[in-house]
Amino acid sequence: MKNLFVTDNYNWRGSNLVLNDDWLTYAEGIMEEESTITIKRKKRIDILIVGMPEQGADAFYSSIALDTYHKDSLILYIGTEGTAGGNVADDDFFDHLEPVEDDDFDKYVFSNYPNQITEFQERYILNIANDFLPILYKFKRCSGMNCCCNTKNCI
């Protein structure tokens with residue numbers, strides 16, 4: 001992809017995660033930057049792919065910011081159902097997701113998981129792979145007038 005721009009805020013650095021050093025090895029070309037800063041700085045963003053967002057409200061607020069600053073953008077979440085025991089995103093983020101039907105995702109991701117995995121996944125994810133199946137969702141603002149996604153206080 002010509003205009004691919006990947007960021008990670010690296011908030012997990014210094015945590016007890018065993019995979020810290022390996023992630024840095026596998027994450028070549030990733031710029032260290034908060035997603036909301038990238039969203040506000042870029043002139044055009046067509047798609048935001050959220051994968052394994054950190055626990056808390058960052059994924060929700062980043063999605064609201066993208067929808068505000070880049071109206072025609074698409075926000076996709078590729079991951080597992082729910083907050084995976086409180087380890088990713090928050091309930092506000094998951095409450096604003098709806099399933100995406102995509103034959104290619106089913107064919108190349110869902111049907112191959114966890115059978116075709118990378119070396120990185122094999123070492124760190126395989127032991128829980130069958131507990132969390134991959135899903136493809138898109139972010140959508142709700143119609144609730146009292147929801148943060150419909151107020152100016154969110155961004």
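Side chains are part of it too, since the values below use all heavy atoms of this structure and drop only hydrogens, waters and symmetry mates. None of these values were measured; they are calculated from a predicted model.
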Aromatic centroids of F94 and Y137 separated by under 6.0 Å: no
Nearest-0.5 Å distance, CG of residue L48 to CG of residue L74: 9.0 Å
Side chains of I78 and I135 in contact at under 4.5 Å (non-hydrogen atoms): no
Counterpart residues, side-chain contact (heavy atoms from CB on, under 4.5 Å), relative to D95 (two or more places apart): D91
Side chain to side chain, F139 and L97, heavy atoms closer than 4.5 Å: yes
Pairwise side-chain contact, I45 with I39, heavy-atom cut-off 4.5 Å (strictly under): yes
Shortest non-hydrogen contact between S63 and I75, atoms and distance: O-CD1, 3.3 Å
Minimum side-chain heavy-atom gap V50-L76 below 4.5 Å: no
Distance (rounded to the nearest 0.5 Å) between D92 CG and C147 SG: 6.5 Å
Minimum side-chain heavy-atom gap C148-Y61 below 4.5 Å: yes
Residue pair F60 / P53, side-chain heavy-atom distance below 4.5 Å: no
Distance in Å, K138 NZ paired with H96 NE2, rounded so as to fall on 0.5 Å steps: 14.5 Å
Non-hydrogen side-chain atoms of V100 and F105 separated by less than 4.5 Å: no
Minimum side-chain heavy-atom gap I64-T68 below 4.5 Å: yes
Nearest-0.5 Å distance, OH of residue Y69 to OG1 of residue T38: 13.0 Å
Spacing of CG belonging to D46 relative to NE2 belonging to H70, to within rounding of 0.5 Å: 9.5 Å
K140: partners by side-chain contact (heavy atoms from CB on, under 4.5 Å), with sequence neighbours left out: E98
Exercise: do T36 and R41 side chains pair donor with acceptor under 3.5 Å: no
For D72, side-chain contact (heavy atoms from CB on, under 4.5 Å) partners two or more places apart: none
S62 OG to K40 NZ distance, which is reported to the nearest 0.5 Å: 9.5 Å
